[in-house]
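Data first, discussion second: the structure below is written as structure tokens.
Every chain is numbered from 1 and lettered A, B, ... according to where its sequence line falls, protein lines coming before strand lines. Atoms considered below: every heavy atom in the structure, side chains included; atoms not considered: hydrogens, waters and symmetry mates.
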There are 2 protein chains.
Amino acid sequence: MSLQGYLDSKPKYRMTNQRQVILEEVQKVNTHPTADEVYEMVRRRLPRISLGTVYRNLEILSTSGLILKIGPPSNQMRFDGKTDNHYHTRCVSCGRVEDAPVESFDKLEEAMQKKSNYSILGHRLEFLGICPVCRGKETSFRKNV
Amino acid sequence: MSLQGYLDSKPKYRMTNQRQVILEEVQKVNTHPTADEVYEMVRRRLPRISLGTVYRNLEILSTSGLILKIGPPSNQMRFDGKTDNHYHTRCVSCGRVEDAPVESFDKLEEAMQKKSNYSILGHRLEFLGICPVCRGKETSFRKNV
DNA sequence: CTAGGTGCAAATCATTTGCCGGGGC
DNA sequence: GCCCCGGCAAATGATTTGCACCTAG
């Protein structure tokens with residue numbers, strides 16, 4: 001099962017005009033805009049649109065799989081007492097974060113350094129999934145995601 | 001240069017009592033607590049501590065490299081019109097997010113599925129670095145991180 | 001004495017939600 | 001008619017900040 005397949009339980013949205021414009025604007029740029037930036041872009045075409053609408057539609061578009069949400073699956077910061085390089089699993093149901101049982105490969109950074117014009121300082125890898133606890137009870141689904 | 005090495009420009013912090021307690025509590029658990037949860041844990045030992053202090057010290061501890069901040073390097077959501085599996089670079093200076101010039105390997109998920117008791121649905125990989133634009137002007141450093 | 005620290009409350013910032021009139025099917 | 005929609009403003013939730021006092025060096 002895919003993440004998207006798992007995520008959209010109630011897909012019943014109409015493609016309205018503002019939705020369409022928001023989608024187009026997000027697809028038009030490659031700057032990975034914030035909600036606010038999308039709002040600004042869309043406003044040039046639909047001056048009366050509200051920020052709330054933009055948020056609502058970005059949410060709908062991303063759970064519909066038409067666009068991607070980058071960054072925090074949950075918007076609450078978490079802290080880790082272990083500072084060595086390691087990866088995490090994050091449960092899309094309850095938001096739980098655990099250490100992933102794999103070694104980190106620093107090869108990634110070397111490889112990336114060659115291909116990119118960034119000065120690479122680090123990388124972070126996170127697996128999304130359903131934790132054992134949540135697998136049983138589908139109820140709490142999407143509580144913290 | 002390491003990420004930490006790059007990040008801490010002004011390291012002049014004393015290890016105070018509340019700082020120490022916060023550090024110990026975060027290191028004690030492996031639950032990757034939120035700031036609020038840390039607050040609750042610390043409060044059992046220092047009933048008069050304030051949430052503001054916890055936030056301040058978590059920030060200091062993490063920029064000092066004593067603990068790790070997991071999740072959003074910036075706490076603003078970003079959106080991407082491309083929905084195929086791909087990775088990102090994020091500039092620790094200006095917060096800019098771009099597509100990383102590497103293929104995604106789904107091997108990762110298979111491997112992880114075997115080692116973990118999660119139902120793996122996806123993964124996200126992000127490289128942290130300094131973008132070409134920011135490399136020159138050190139001024140704007142840490143604006144959006 | 002001075003700089004960093006702290007508690008507290010107020011402020012800020014991103015995001016979400018309730019209400020309500022409007023349009024599609 | 002029913003339901004989704006969008007504008008608007010108010011609410012929420014996480015995090016930050018200003019202020020006043022305090023304490024270590």
Side-chain angles (χ1 to χ4, degrees), chain A residues 8-26 32-64 66-67 69-79 95 97 142-145, chain B residues 8-23 25-26 32-40 42-64 66-67 69-79 95 97 142-145:
Chain A
D8 44 31
S9 16
K10 38 177 101 85
K12 184 161 35 171
Y13 302 112
R14 226 181 319 149
M15 181 51 80
T16 63
N17 187 39
Q18 5 303 68
R19 197 112 82 210
Q20 178 69 39
V21 170
I22 290 172
L23 176 58
E24 286 172 13
E25 291 300 316
V26 173
H32 307 85
T34 61
D36 234 31
E37 289 162 356
V38 175
Y39 176 52
E40 285 307 325
M41 301 188 308
V42 171
R43 210 135 68 113
R44 292 203 284 273
R45 293 174 58 186
L46 304 172
R48 295 193 49 71
I49 202 172
S50 79
L51 183 55
T53 300
V54 171
Y55 269 105
R56 250 187 306 242
N57 281 323
L58 284 173
E59 182 60 30
I60 289 173
L61 288 171
S62 75
T63 63
S64 303
L66 292 174
I67 65 175
K69 234 196 249 182
I70 308 175
S74 134
N75 51 4
Q76 207 169 157
M77 202 67 81
R78 286 177 178 276
F79 299 89
V97 173
R142 275 187 75 71
K143 184 170 141 277
N144 261 338
V145 188
Chain B
D8 45 31
S9 19
K10 37 178 100 84
K12 184 163 31 172
Y13 302 111
R14 228 182 316 150
M15 182 50 79
T16 63
N17 188 38
Q18 10 295 71
R19 197 113 81 210
Q20 178 68 40
V21 171
I22 290 173
L23 176 58
E25 291 300 316
V26 173
H32 308 82
T34 61
D36 233 32
E37 289 163 354
V38 175
Y39 176 52
E40 284 308 323
V42 170
R43 211 135 67 114
R44 291 203 283 273
R45 291 173 59 186
L46 304 173
R48 296 192 49 71
I49 202 173
S50 79
L51 183 56
T53 300
V54 170
Y55 269 104
R56 253 185 307 238
N57 281 323
L58 285 174
E59 183 59 31
I60 289 173
L61 287 171
S62 75
T63 63
S64 302
L66 292 175
I67 65 175
K69 234 197 247 183
I70 308 175
S74 133
N75 50 4
Q76 206 169 155
M77 202 66 82
R78 286 176 178 275
F79 299 89
V97 174
R142 275 188 76 70
K143 185 171 142 271
N144 261 337
V145 188

Rounded to the nearest Å, what distance is computed from the [atom1] atom of residue [X] to the [atom2] atom of nucleotide [N]?
{"X": "A/Glu37", "N": "C/dA14", "atom1": "CD", "atom2": "P", "answer": "10 Å"}
{"X": "B/Leu51", "N": "C/dT6", "atom1": "CG", "atom2": "P", "answer": "14 Å"}
{"X": "A/Leu46", "N": "D/dG7", "atom1": "CG", "atom2": "C1'", "answer": "12 Å"}
{"X": "A/Gln20", "N": "D/dG6", "atom1": "CD", "atom2": "C1'", "answer": "16 Å"}
{"X": "A/Arg43", "N": "D/dC8", "atom1": "CZ", "atom2": "P", "answer": "10 Å"}
{"X": "B/Glu59", "N": "C/dG4", "atom1": "CD", "atom2": "P", "answer": "17 Å"}
{"X": "B/Asp36", "N": "D/dT12", "atom1": "CG", "atom2": "C1'", "answer": "14 Å"}
{"X": "B/Tyr39", "N": "D/dT15", "atom1": "OH", "atom2": "P", "answer": "14 Å"}

With a non-hydrogen cut-off below 4.0 angstrom, is [X] in contact with a base, only sugar-phosphate, or nothing?
{"X": "B/Ile49", "value": "sugar-phosphate"}
{"X": "B/Asn57", "value": "sugar-phosphate"}
{"X": "A/Arg56", "value": "base"}

May I ask you to evaluate whether [X] reaches the phosphate of [N], defined as a side-chain N or O under 4.0 Å from OP1 or OP2?
{"X": "A/Arg19", "N": "D/dC4", "answer": "no"}
{"X": "B/Thr16", "N": "C/dG4", "answer": "no"}
{"X": "A/Arg14", "N": "C/dG23", "answer": "no"}
{"X": "A/Thr34", "N": "C/dA14", "answer": "no"}
{"X": "A/Thr53", "N": "D/dG7", "answer": "yes"}
{"X": "A/Tyr55", "N": "C/dT15", "answer": "yes"}

Exercise for review: For A/Arg56 and A/Glu59, run salt bridge (Lys or Arg N to Asp or Glu O under 4.0 Å): C-alpha distance rounded to whole Å, both residues' side-chain angles, the deciding distance at 0.1 Å, then the answer.
Suggested key: CA-CA 5 Å; A/Arg56 250 187 306 242; A/Glu59 182 60 30; over 6 Å; no

**Study point:** Which atom of A/Phe79 lies closest to which atom of B/Leu58, heavy atoms considered
**Key:** CE1-CD1, 3.4 Å

Practice item. Can you see which heavy atom on B/Ile49 is nearest to which on B/Tyr39, and at what distance? Key: O-CE1, 3.6 Å

Point to revise | Nearest-nucleotide 5' precedence on DNA chain C, A/Ala35 against B/Val54 | key: B/Val54

Revision key, fill the gap. Of B/Phe79 and B/Ile60, the one whose closest nucleotide on DNA chain C sits nearer the 5' end is B/Ile60

**Study point:** Flag side-chain contact, heavy atom, 4.5 Å: A/Val26 against A/Leu61
**Key:** no

**Study point:** Donor-acceptor contact below 3.5 Å, side chain B/Glu37 vs main chain B/Thr34
**Key:** yes

Practice item. With the side chain of A/Tyr13 defined as its heavy atoms from C-beta on, choose the nearest nucleotide among C/dG5, D/dG7, D/dC5. Key: D/dC5

